[in-house]
There are 2 protein chains.
Amino acid sequence: MGTTTPQRRQRHDPVERRKQLIGIGLQMLTERPLHEITVDAVAAQAGISRTLLFHYFPTKQDFYAEVVRAAGRRMLRAAFPAGRDSPSELDDVTDGYLSFIERRHELYTGLFRGTAPGDWLHDIAQETRTQMVDQLLLTLGIQRPAPMVRAAIGAWLSFAEELCLDWAAHRPGNRDRVLALLRGSLRNVVELADGDSN
Amino acid sequence: MGTTTPQRRQRHDPVERRKQLIGIGLQMLTERPLHEITVDAVAAQAGISRTLLFHYFPTKQDFYAEVVRAAGRRMLRAAFPAGRDSPSELDDVTDGYLSFIERRHELYTGLFRGTAPGDWLHDIAQETRTQMVDQLLLTLGIQRPAPMVRAAIGAWLSFAEELCLDWAAHRPGNRDRVLALLRGSLRNVVELADGDSN
DNA sequence: CGGTGCTATTGAGCGATGCTCAATAAGACT
DNA sequence: AGTCTTATTGAGCATCGCTCAATAGCACCG
């Protein structure tokens, strides 16, 4: 037991290593909150030494920034399957979003709710949010939103997050009703914020 | 410099010490996110040793649980000055809430947005949210809310948080318009969620 | 005023964690 | 076979949360 098998080193493609490590980060986020994930655990899971992780990501923050970005891309694809430029139907968007959270709510909460301004994760999460607001503006057919409208949609995203997460956890009502509430509130909020600018 | 003055020890009232430490925690949360606050820093600010902090709070988590509870009480008082049982006017509530965030948005974000489910802070923050939902139900005159209505109001709180924080930071529009948006969206969301149960 | 007990307070130290640095060795290319 | 790049590692450091045994204010009692 005391003698460890020398275990022949294997050199891997750096790109593959990065992908592997980010994948492990995503998977771990589904099991525990971010601040409970240690570099040691990730390295152990990957079968490498701590030091190698720092070779690819100069800092733990840099590592998790990549992880969060990757998760953000996944969510955007789930909610806006039509792609970056072509607008999706609002029904599809709300449904895709809710479905994503249903399947991945552990991951999602670990990512985007566990951030505060000043926090290093906040800026990364904000990138994804900004893209979601842009996509929502696109599906709503709004061309030149007033700042207040952008702010309202951004805030509505928080509303949607909380509502979907709560529903995924406690199921307070029918799924279709949640979707109806999402769509109705978004339209109402935009209307209120936009009407304000007159 | 190498010799430290023995510096006569001073015994303080435990209750006062606790208050002092919690106060320091609240103040520090206005400057940096929670996970960047070390026990050493708090102890140093108070002029005591790390060990003494652990004498009053068995764990860092216990310490910050107290801090978060204290902040929650402050916020509830700001938003619902009428008190626990008598209902306030919705106009007063939204205004009090927004004013609180205007004055204290660094603190507020540090507290309630930096939590994820599974996180030990989440349960504490949730206590305050539950109380706010109850108060809001009271001011809205809703007696027996359907689960969906409670969920909707809880989610609206996230909406309000995000909107107010964004407004405090970037001022996208007039203050009165924010208040109107808050009131209007709340009424609409409740209506949508309630109508769903028919 | 002196002794006694309670406990607020402390220093030394431990394990874990994020991170650094110099050294090793796998594999590609002559 | 020899050389060069760089993926990979072990040893070690500073900080952080936390424990434990010891010290010393201060109140109370005689």
Side-chain angles (χ1 to χ4, degrees), chain A residues 2-25 28-29 31-68 110 114 119-121 124, chain B residues 1-25 28-29 31-68 114 119-121 124:
Chain A
T3 53
T4 323
T5 311
Q7 179 168 324
R8 169 184 181 75
R9 280 192 196 174
Q10 178 129 6
R11 281 167 84 100
H12 286 220
D13 184 318
V15 178
E16 293 306 314
R17 265 279 191 256
R18 286 182 71 94
K19 283 184 187 169
Q20 178 201 17
L21 294 172
I22 290 174
I24 290 177
M28 285 199 161
L29 265 182
E31 295 162 4
R32 42 197 145 166
L34 177 68
H35 67 272
E36 283 180 16
I37 301 181
T38 68
V39 176
D40 277 16
V42 176
Q45 180 93 8
I48 62 175
S49 61
R50 260 156 300 160
T51 315
L52 188 56
L53 196 109
F54 286 107
H55 175 67
Y56 287 105
F57 306 93
T59 254
K60 194 196 179 191
Q61 299 189 4
D62 292 289
F63 173 57
Y64 279 108
E66 296 284 337
V67 174
V68 170
D119 192 350
W120 45 277
L121 266 187
I124 317 285
Chain B
M1 275 305 175
T3 53
T4 323
T5 312
Q7 180 167 321
R8 169 184 182 77
R9 279 191 196 174
Q10 177 129 7
R11 280 168 84 101
H12 285 224
D13 183 318
V15 177
E16 293 305 314
R17 263 281 190 254
R18 286 181 70 95
K19 283 183 186 170
Q20 177 201 18
L21 294 172
I22 290 175
I24 291 177
M28 284 199 162
L29 265 182
E31 295 162 5
R32 42 196 146 168
L34 177 67
H35 66 273
E36 281 180 18
I37 302 180
T38 68
V39 176
D40 276 16
V42 176
Q45 181 92 8
I48 64 174
S49 62
R50 258 157 301 158
T51 315
L52 187 56
L53 195 108
F54 286 107
H55 176 67
Y56 287 106
F57 306 93
T59 254
K60 194 196 179 191
Q61 299 189 6
D62 292 288
F63 173 57
Y64 279 109
E66 296 284 337
V67 174
V68 170
D119 193 351
W120 44 278
L121 265 187
I124 316 285

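The sequence lines fix the lettering, A, B, ..., with proteins before strands; numbering per chain opens at 1.
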Drop me the distance from A:I48's CD1 to A:Q10's CD, to the nearest 0.5 angstrom. 13.5 Å
Would you check if B:I124 and B:Y64 make a side-chain contact, meaning some heavy-atom pair closer than 4.5 Å? no
Let me know, please, whether B:R50 or A:T38 comes out on the 5' side of the other along DNA chain C by nearest nucleotide. B:R50
Whole angstrom is fine here: how far is it from CD1 in B:I48 over to P in D:dA24? 19 Å
Would you mind reading off the distance between B:D40 atom CG and C:dT10 atom P, rounded to a whole angstrom? 13 Å
In this structure, how many angstroms lie between the P atom of D:dT15 and the CD1 atom of B:I37, rounded? 19 Å
For DNA chain D, which residues of residues 51-61 of chain A approach it to below 4.0 angstrom with any heavy atom? A:T51, A:L52, A:H55, A:Y56
Using Watson-Crick and G-U wobble pairs with both distances under 3.5 Å, what is the 5'-to-3' dot-bracket string of DNA chain C, with [ ] for crossing pairs and | for pairs outside the strand? ||||||||||||||||||||||||||||||
Let me see the working for B:F63 and B:V39 under side-chain contact (heavy atoms from CB on, under 4.5 Å), right down to the final yes or no. CA-CA 10 Å; B:F63 173 57; B:V39 176; over 6 Å; no
base_contact_polar (D:dT6 base, A:R11 side chain, donor-acceptor, <3.5 Å): yes
Which donor-acceptor pairs under 3.5 Å do the side chains of residues 13-25 of chain A make with protein atoms, sequence neighbours left out?
| from | atom 1 | to | atom 2 | distance (Å) |
| --- | --- | --- | --- | --- |
| A:D13 | OD1 | A:V15 | N | 2.7 |
| A:R17 | NH1 | A:Q20 | OE1 | 2.9 |
| A:R18 | NH1 | A:Y56 | O | 3.2 |

Minimum-distance pair of heavy atoms, taken over all atoms of B:I37 and B:R32: CG1-CG, 3.8 Å
Holding to side-chain hydrogen bond (donor to acceptor under 3.5 Å, both in side chains), I want the full list of residues that pass it with A:E31, two or more places apart in sequence or in another chain. A:Q27
Can you name the nearest heavy-atom pair linking B:L34 to B:K60, along with the distance? O-NZ, 4.3 Å
Short of 4.0 Å, heavy atom to strand atom, which residues of residues 13-20 of chain A count as contacting DNA chain D? A:P14, A:R17
For A:D40, which residues count as a salt bridge (Lys or Arg N to Asp or Glu O under 4.0 Å) partner, sequence neighbours excluded? A:R50
With no hydrogens and no angle check, is any side-chain donor or acceptor of A:T59 less than 3.5 Å from a backbone partner on A:D62? no
Between B:H12 and B:H35, who's closer to the 5' end of DNA chain D by nearest nucleotide? B:H35
Could you give the CD-to-P distance, from A:E36 to D:dG17, as a whole number of Å? 14 Å
